Amino acid sequence: MSNIPPHAVLPLGAYDGDSLKRAAERADQRLLAVDLSGATDRDSVMGAIADAFALPPYFGRNLDALYDCVTDLQPLADAEHPGFLVILQNLPDTRSFGREQRDALLDVFRDAADFFYDRDTAFRVFYSVAGASSDRAAGRA
């Protein structure tokens, strides 16, 4: 992962998810991964993220609460290079969760990357969109 900026939100299409996971493990970075293929709207996206990331029961299932909970997460305690690898697979592309909602969600993760940058903690996010063509998955849609 040395060639990937330590604070980034990037399309997953250009990377191999399994290789990213192995690299995070070698670097002692905390892996937060969720497959959102069953999600169709904001509530189901937030629920899947809450479950996969083990967010606290008081998580409000909105973007502000997501930012608060994500930035409260702690890297692995004994990590030599503290950080996080976040993989958001199959973000929905539905009438109830379209591009505007995806962009707002990814903005939360961009803001979290800025937060962790100020704390010298790597925060890399990779995402894909369900059913997207390779152009759309690469962020060119």
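It should be emphasised that the depicted structure is a prediction, and the values quoted were computed from it without experimental measurement.
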Shortest non-hydrogen contact from [X] to [Y]?
{"X": "Ala65", "Y": "Gly60", "result": "CB-N, 3.6 Å"}
{"X": "Leu55", "Y": "Cys69", "result": "CD2-CB, 3.8 Å"}
{"X": "Ala130", "Y": "Asp93", "result": "O-CB, 4.1 Å"}
{"X": "Ala8", "Y": "Ala113", "result": "N-CB, 4.4 Å"}
{"X": "Phe109", "Y": "Phe123", "result": "O-CE2, 3.6 Å"}
{"X": "Arg124", "Y": "Pro6", "result": "NH2-CA, 3.5 Å"}

Short question: side chain of [X], backbone of [Y] - any donor-acceptor pair under 3.5 Å?
{"X": "Arg102", "Y": "Leu91", "result": "no"}
{"X": "Arg42", "Y": "Ser96", "result": "no"}
{"X": "Thr121", "Y": "Gly83", "result": "no"}
{"X": "Thr94", "Y": "Thr40", "result": "yes"}
{"X": "Glu80", "Y": "Asp78", "result": "no"}

Cluster question for you: counting only ILVMFWY and a side-chain heavy-atom cut-off of under 4.5 Å, with indirect links fine, are Leu63 and Phe53 together?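 Result: yes, single cluster for both.
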
If you group Ile, Leu, Val, Met, Phe, Trp and Tyr by side-chain heavy-atom gaps below 4.5 Å, do Tyr117 and Leu73 land in one group?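 Per the 4.5 Å side-chain linkage, Tyr117 and Leu73 are not co-clustered.
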
Show the numbers, then the answer: is there a side-chain contact (heavy atoms from CB on, under 4.5 Å) between Ile87 and Lys21? CA-CA 9 Å; Ile87 299 177; Lys21 290 174 186 177; 3.8 Å; yes

How long is the span from the [atom1] atom in [X] to the [atom2] atom in [Y], to the nearest 0.5 Å?
{"X": "Arg26", "Y": "His81", "atom1": "CZ", "atom2": "NE2", "result": "13.0 Å"}
{"X": "Gln29", "Y": "Leu20", "atom1": "CD", "atom2": "CG", "result": "11.0 Å"}
{"X": "Leu88", "Y": "Leu106", "atom1": "CG", "atom2": "CG", "result": "7.0 Å"}

Arg95 atom CZ, neighbour heavy-atom count above 12 within 6.0 Å: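 At most 12 heavy atoms, drawn from other residues, nucleotides or ligands, come within 6.0 Å of this atom.
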
May I ask you to check whether over 12 heavy atoms, not counting those of Asp118, lie within 6.0 Å of atom CG?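 Yes, because the 6.0 Å sphere around CG of Asp118 holds more than 12 heavy atoms from other groups.
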
Does the side chain of [X] reach to within under 4.5 Å of the side chain of [Y], using non-hydrogen atoms?
{"X": "Val86", "Y": "Val70", "value": "no"}
{"X": "Pro82", "Y": "Leu76", "value": "no"}
{"X": "Leu105", "Y": "Met46", "value": "yes"}
{"X": "Leu36", "Y": "Ile49", "value": "yes"}
{"X": "Pro11", "Y": "Tyr127", "value": "yes"}
{"X": "Ile4", "Y": "Phe126", "value": "yes"}
{"X": "Arg22", "Y": "Asp16", "value": "yes"}

Could you label the plane-to-plane angle of the Phe84 and Phe116 rings as parallel, tilted or perpendicular, counting under 30° as parallel and over 60° as perpendicular?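 The rings of Phe84 and Phe116 sit tilted, inter-plane angle from 30° to 60°.
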
Mind running side-chain contact (heavy atoms from CB on, under 4.5 Å) on Phe59 and Leu66 for me, showing each step along the way? CA-CA 7 Å; Phe59 170 57; Leu66 179 61; 3.9 Å; yes

